[in-house]
There are 2 protein chains.
Amino acid sequence: MAKQVVPETARRRRRPTRQGTVLSERLIVETALRVLREHGSGGLTARRLGTALGADPSTLYRYFGGMDELTRAIGEELLGRALDSWSASGEWRADLRALGLAVHSSYLAHPQAAALTASRVTGRPREIALDETILGILRSAGFPDPAAVRLYHAFIDLSLAFAALDAGALALTEEARAADEDLWSSTYARLPAESFPHIAATAALLAARMPHSAYPVVLDTLLAGAAAELSARRRTGLDRED
Amino acid sequence: MAKQVVPETARRRRRPTRQGTVLSERLIVETALRVLREHGSGGLTARRLGTALGADPSTLYRYFGGMDELTRAIGEELLGRALDSWSASGEWRADLRALGLAVHSSYLAHPQAAALTASRVTGRPREIALDETILGILRSAGFPDPAAVRLYHAFIDLSLAFAALDAGALALTEEARAADEDLWSSTYARLPAESFPHIAATAALLAARMPHSAYPVVLDTLLAGAAAELSARRRTGLDRED
DNA sequence: ACCCTTATGCCAACGCGGTTGACTTTACCT
DNA sequence: AGGTAAAGTCAACCGCGTTGGCATAAGGGT
């Protein structure tokens, strides 16, 4: 690669583009989020982002190694926003619930971006801060380390997986999304009861429920299981460690 | 659109390509799975698939409306294989567990394909058959319809979301995947204990657990919650419906 | 057994994508 | 004030999905 990416902190000269914009990682990421919202998850292209910034597409390579690295920066931004919007109450179960919902809704606030990034691990600073927070809540709640790690793993992967799934549904174009929802009231509701008795019997309930996210239900189930585990552990006197 | 896609069942003439292959939806989907495995989730292109089939890329448009429709056909194939590999035992909890794991591992058997398709709803026949099966298990187990639909929703979305997440990790190129795994034993394990006490304290456990899927843990938690709900319902005499 | 129709495959081209190498300009350091 | 190299620009490369027009041969009707 001929071009070198200069770390944002080491950046000194800020030469404006021909159209007068002064670029920065932050401006690029925010503009990318806007472009994604306006043009859909497939609409983030180097050329389009360049135009939106008032800069040549190739300028982006001065800031990011490629579109992939830009994508990871966007993902970190969403995780960071989730953590910023959250505050601790001290009650572990409520805190985890709020944090999970914060991550989920931070992604869903930018579904087109989330669909691109939610299944990637960035290893960037703000993602690490989030991990530290979750582990802290669990260990402070009294879970021994192996249980804390198991629950951390389940919690974060569950939240990211649902964020990606739900964002994917929201990120479709409006007509495609409506068509997917209608599937439940059209195709599924009209299946013959002889061949598909169970779908036919529950068609109305399905049409009402399927357009929403299952994440809260599953998250609450996970937290309820964890709470039961914790109280069982207290009852039996903290004698097991796994 | 100038070209018409002829439904597979209505297809009569089977003219071989210049290189002698006789095309069919089935052959195309299977070849696409092979191409995906060999070239990664971004490696399925019309031109490459054409070459692999010994046919011109544009010929694919005689069989599918576009790459998107081909993608959905691949997704349905994976779900169909999961259902085929499964058989009912009559014990609802064991059956659901086996079915969930079957879906998960069917996707993970073709991670590059799964990464492309797992978050899409196809509405195709074999996907409908899977849905009917799950609802049947729950309703036969004694869950009233609203609970059955709620659990069906949680179950299927959980399974698909984790399939997508885990497939995404597996679908990375070998070096990228190894780098991601190493993150836990390199970056995370070396964070200073002063700033990140919880990560530092659990680094070894994290490195051991994070490379595996959290799906079984979460699935079992969900099924345990459902079982508890069912027995509570029996105890209180089936008087509630939600 | 032979046509005729038309399904099916092929070809060439279009516009758009990411990315790169060589270049110009200009902010900053000395 | 001048030199240097960072930051922005330009033109080009190659691969992508997709399309319209064309060639050809499969298979039904007679």
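Just so you know, these numbers come straight off a predicted model, no measurement behind them.
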Asks: Side chain to side chain donor-acceptor pair (under 3.5 Å) between A/T117 and A/Y107: does it pass, once the steps are laid out?
Replies: CA-CA 9 Å; A/T117 67; A/Y107 275 114; 4.7 Å; no
Asks: Rounded to whole angstroms, how far apart are CD1 on A/I28 and C1' on D/dG8?
Replies: 12 Å
Asks: Just compare D/dT18, C/dT19, D/dG21 and give me whichever is closest to any side-chain atom of B/R62.
Replies: D/dG21
Asks: Would you kindly give the CD-to-C1' distance between A/E69 and C/dG18, to the nearest whole Å?
Replies: 15 Å
Asks: Between P on C/dT26 and CG on A/L23, what's the gap in Å once rounded to a whole number?
Replies: 15 Å
Asks: Counting only side-chain nitrogens and oxygens, does B/Y63 get under 4.0 Å of the OP1 or OP2 atom of C/dG9?
Replies: yes
Asks: Rounded to whole angstroms, how far apart are CG on A/D56 and C1' on C/dT24?
Replies: 13 Å
Asks: Excluding sequence neighbours, so at least two apart, what forms ring-ring contact (aromatic ring centres under 6.0 Å, His included) with B/W86?
Replies: none
Asks: Looking only at N and O atoms, is any donor in the side chain of B/R47 or the base of D/dG15 less than 3.5 Å from an acceptor on the other one?
Replies: no
Asks: May I ask you to verify whether the side chain of A/T45 and the base of C/dC16 hold a donor-acceptor pair under 3.5 Å?
Replies: no
Asks: Give a yes/no on whether any side-chain N or O of A/T59 is located under 4.0 angstrom from OP1 or OP2 of D/dT9.
Replies: yes
Asks: So what does A/L44 touch, heavy atoms closer than 4.0 Å: a base, only the sugar-phosphate, or nothing?
Replies: sugar-phosphate
Asks: Does this structure show an ion pair linking A/R72 with A/E76, if we count only N-O contacts that are shorter than 4.0 Å?
Replies: no
Asks: Scan A/L49 against the nucleic acid and name what it touches under 4.0 Å (heavy atoms): base, sugar-phosphate only, or nothing.
Replies: nothing
Asks: Figure out the CG/C1' separation between B/D68 and D/dC16, and round it to whole Å.
Replies: 15 Å
Asks: Atom CH2 in B/W184, atom OG1 in B/T202: separation rounded to 0.5 Å?
Replies: 9.0 Å
Asks: Suppose the criterion is salt bridge (Lys or Arg N to Asp or Glu O under 4.0 Å): which pairs have a residue in residues 37-55 of chain A, not counting sequence neighbours?
Replies: A/R34-A/E38
Asks: When the distance from CG of B/L116 to C1' of D/dG17 is rounded to whole Å, what number comes out?
Replies: 15 Å
Asks: What is the distance, rounded to the nearest whole Å, between atom OH of A/Y61 and atom C1' of D/dT9?
Replies: 15 Å
Asks: Whole Å only: how far is the CZ atom of B/F64 from the P atom of C/dT8?
Replies: 14 Å
